[in-house]
Amino acid sequence: MCGVVGIVSKSPVNQALYDALTVMQHRGQDAAGIVTWSESDGLQQRRNNGLVRDVFHTRHMLRLKGKVGVGHVRYPTAGGARSSEAQPFYVNSPYGICLAHNGNLTNHEELTEHLVREDRRHLNTNSDSEVLLNVFAHELHIRANGSPTAEQVFGAVEAVHRRCTGGYAVVIMVVGFGIVAFRDPNGIRPLVLGKKTVAEGDEYMVASESVALDSLQFERLRDVRPGEAIVVENNGTFHQQDYAGETRHTPCIFEYVYFARPDSILDDLSVYKARLRMGEELAGKIVRDFRDHDIDVVIPIPDTSCTSALQVAYHLGVKYREGFIKNRYIGRTFIMPGQAERAKSVRRKLNAIDLEFRNKNVLLVDDSIVRGTTSRQIIKLAREAGAKKVYFASAAPPVRCPNVYGIDMPAASELIANGRSVEQIEKLIGADRLIYQDLHGLIRSVRHDNSAINEFDTSCFSGEYVTGDVTEEYLREVERRRNDAAKEKDAARYRKYAGDNRSGAVVGM
């Protein structure tokens with residue numbers, strides 16, 4: 001999962017892009033990048049591994065001149081943390097094109113082969129984002145004659161949709177022309193459009209979450225529609241075109257469970273309200289399946305589950321207490337690479353308040369259970385703090401299947417619910433009782449305010465992949481390439497490479 005942003009402004013965009021990336025830091029903590037363009041200074045970029053605050057210093061910001069630009073925060077869905085894969089990516093033909101991408105292409109391998117053999121494009125990394133960039137660049141190249149037009153760009157985007165499958169939200173800067181933004185025809189990955197009117201005219205912004213628009217005082221116009229292409233020229237001229245092919249609006253439901261900030265609105269659905277209703281649905285499940293419960297207190301696993309846990313406590317009629325204190329300088333454990341690192345980070349991240357646990361039967365509420373590593377460690381913390389019984393509830397259903405559309409849960413063998421019953425999972429994490437949300441309850445919670453959305457991508461819970469091209473063979477290959485052992489091996493190779501090349505060129509500026 002990553003965060004993308006693009007802005008066409010009447011004033012310098014460097015600080016605005018930085019602020020937007022900071023607001024979306026929760027979407028990726030591995031790498032960050034910004035590219036800007038101005039007629040006088042040309043293309044300027046800075047991208048590297050690390051948090052936004054660590055990648056960009058004053059000297060970098062001063063060089064990022066221009067009134068148009070794109071930005072990206074990344075966490076790796078495959079491989080280790082490599083600075084060569086920090087985005088935005090760039091190709092110089094045609095015109096010079098920079099791309100920031102959130103998602104994952106499911107036909108990455110065949111696209112790569114076609115690009116190299118047929119389109120004669122050169123690829124520098126193993127990233128599907130670079131593949132997507134080169135597909136767009138090739139399609140624009142064969143259409144453009146002289147300066148590009150909006151119609152030629154729309155034609156290139158249409159070709160991307162025909163050639164690429166998977167989930168993707170993309171922001172592209174075509175040097176000397178403007179910003180292009182589009183979303184996959186299934187609308188799996190989010191992309192929001194905003195506008196601000198200033199004395200000099202209209203400014204436009206696209207971002208992965210509406211909270212980025214809010215922070216920069218852009219009005220949220222709407223979400224980019226599935227397959228739709230948005231073009232904003234450098235002078236502020238706005239164009240849009242819907243996809244002529246088949247579309248199916250199936251946004252990723254895990255955005256509402258875990259990834260998005262609660263103050264964001266995605267596809268006209270409030271993340272905060274969705275999580276409130278998840279708590280209501282979960283409380284109903286507890287009442288039905290655990291009628292004679294002896295729960296003394298409900299305690300959330302901070303921060304994503306706090307909203308749901310509050311509603312669980314209210315509807316059960318028991319106390320709500322924040323029994324864990326979070327160290328906010330530790331990254332999100334779900335998106336940390338490597339099982340050992342995730343397990344080790346839990347105790348650095350959370351500390352229990354003993355008086356909230358001692359001699360009590362506690363219900364811990366989390367947003368979801370993915371690998372089970374964090375859940376097991378947290379239950380152990382609760383017992384060490386003196387809890388008599390520890391019940392555990394998940395606001396999401398069991399995560400039984402890989403997500404292949406841009407979320408780093410691809411290896412089925414690493415999912416604790418894969419091939420196991422609730423009772424088996426209960427024993428593995430050490431809970432006295434485990435309660436999961438029902439899938440239909442989750443869908444009802446999220447969809448509540450938007451009858452226009454009839455379905456979601458629920459593949460990690462249901463095993464149903466909306467693109468229709470995910471085979472068992474594909475999943476086996478994903479498992480081979482993206483399990484934790486493969487990531488650690490890749491990361492070790494990168495560490496060796498970085499150590500051998502300390503005197504080499506630094507990515508960006």
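In this chain, numbering begins with 1 at the start of the sequence shown.
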_Between H72 and F89, ring centroids under 6.0 Å_ = no

*Would you check if there is a donor-acceptor pair between the side chains of S129 and Q87 at a distance under 3.5 Å?*
yes

*Got a salt bridge between R383 and D432, using NZ or NE/NH1/NH2 to carboxylate O under 4.0 Å?*
yes

_Tell me whether R183 is salt-bridged to D267, with the criterion being a basic N under 4.0 Å from an acidic carboxylate O._
yes

*Is the shortest heavy-atom distance from the side chain of L269 to the side chain of I265 under 4.5 Å?*
no

*Is there a donor-acceptor contact under 3.5 Å from the side chain of R163 to the main chain of V135?*
no

*Run the side-chain contact (heavy atoms from CB on, under 4.5 Å) check on N351 and F324 step by step: do they pass?*
CA-CA 5 Å; N351 189 47; F324 291 107; over 6 Å; no

*F259 and F254: side-chain contact (heavy atoms from CB on, under 4.5 Å), yes or no, with the steps?*
CA-CA 7 Å; F259 267 104; F254 210 74; 3.9 Å; yes

*asked:* Set out, in order, the CA-CA distance, both residues' side-chain angles and the distance that settles salt bridge (charged side-chain N to carboxylate O under 4.0 Å, His left out) for D184 and R189, then state yes or no.
replied: CA-CA 7 Å; D184 65 85; R189 301 268 64 90; over 6 Å; no

*Can you check whether V52's main-chain N or O pairs, donor with acceptor, with Q25's side chain at less than 3.5 Å?*
yes

*Donor-acceptor contact below 3.5 Å, side chain E130 vs main chain N124*: yes

*Ion pair present between R288 and D438, side-chain N to carboxylate O less than 4.0 angstrom?*
yes

*Verify, without hydrogens or angle tests, whether N107 (side chain) and T165 (backbone) share a donor-acceptor contact under 3.5 angstrom.*
yes

*Any idea which heavy atoms bring A396 and S394 closest together, and the distance?*
O-OG, 2.7 Å

*Identify whether the distance between the nearest side-chain nitrogen and carboxylate oxygen of K319 and D296 falls below 4.0 Å.*
no

*Could you check D263, D214, D268 and say which one makes a salt bridge (charged side-chain N to carboxylate O under 4.0 Å, His left out) with R220?*
D268

*Partner of V55 under side-chain contact (heavy atoms from CB on, under 4.5 Å), chosen from N49, L21, V73, N48*: N48

*Under a 4.5 Å cut-off applied to non-hydrogen side-chain atoms, are I172 and V70 in contact?*
no

*Are V365 and I301 close enough that some pair of their side-chain heavy atoms sits under 4.5 Å apart?*
no

*Side-chain donor-acceptor contact under 3.5 Å, E209 with H26*: yes

*So, E228 and R222, do they make that salt bridge, N to O below 4.0 Å?*
yes

*Would you find more than 12 non-hydrogen atoms of other residues, nucleotides or ligands less than 6.0 Å from R444 atom CZ?*
yes

*E281 versus S445, side-chain donor and acceptor atoms under 3.5 Å*: no

*Could you tell me whether E477 and R480 have a side-chain N and a carboxylate O separated by less than 4.0 Å?*
yes

*Any donor-acceptor pair under 3.5 Å linking the side chain of R27 with the backbone of C2?*
yes

*asked:* Please determine whether side chain to side chain donor-acceptor pair (under 3.5 Å) holds for the pair T467 and Y405, giving the CA-CA distance in whole Å, both sets of side-chain angles, and the decisive distance to 0.1 Å.
replied: CA-CA 10 Å; T467 53; Y405 300 129; 2.6 Å; yes

_Using a 3.5 Å distance criterion without hydrogens, assess whether the side chain of H101 forms a donor-acceptor pair with backbone atoms of V170._
no

_Any donor-acceptor pair under 3.5 Å linking the side-chain atoms of S215 with those of D19?_
no

*Does the side chain of S264 pick up a donor-acceptor pair with the side chain of Y272 at under 3.5 Å?*
no

*Note, I416 side chain near R420 side chain (heavy atom, < 4.5 Å)*: yes

*Taking 4.0 angstrom as the limit, do E455 and R447 come out as a salt bridge?*
no

*Look at the side chain of Y256 and the backbone N and O of L266, then say whether any donor-acceptor pair between them is shorter than 3.5 Å.*
yes

_Non-hydrogen side-chain atoms of S305 and P300 separated by less than 4.5 Å_ = yes

_Students often mix this up, so state it plainly: with edges at 30° and 60°, are the rings of F290 and Y391 parallel, tilted or perpendicular?_
perpendicular

_Geometric cation-pi criterion, R433 with F392: 6.0 Å, 45°_ = no

_Aromatic ring proximity, centroids under 6.0 angstrom, Y474 and Y465_ = no

*Would you indicate whether the side-chain heavy atoms of L316 and I295 approach each other to under 4.5 Å?*
yes

_Among R261, K349, K326, the one residue meeting salt bridge (charged side-chain N to carboxylate O under 4.0 Å, His left out) with D303_ = K326

*asked:* Using side-chain contact (heavy atoms from CB on, under 4.5 Å), reason through C252 and I407 one step at a time and then give a plain yes or no.
replied: CA-CA 10 Å; C252 175; I407 297 178; 3.8 Å; yes

_Between the side chains of R225 and D242, is the shortest nitrogen-to-carboxylate-oxygen separation below 4.0 Å, so that they form an ion pair?_
yes

*Take T307 and Q311 through the side-chain contact (heavy atoms from CB on, under 4.5 Å) test and state the conclusion after the steps.*
CA-CA 7 Å; T307 308; Q311 288 297 90; 5.7 Å; no

_Polar side-chain atom of E356 near backbone of G323 as donor-acceptor pair, under 3.5 Å_ = no

*Evaluate the side-chain proximity of N186 to D457: yes if any heavy-atom separation is below 4.5 Å, no if none is.*
no

*Distance-only, no hydrogens or angles: does the R400 side chain make a donor-acceptor pair with backbone N or O of A417 under 3.5 Å?*
yes

*Main-chain N/O of V131 paired to D128 side chain as donor or acceptor, under 3.5 Å*: no

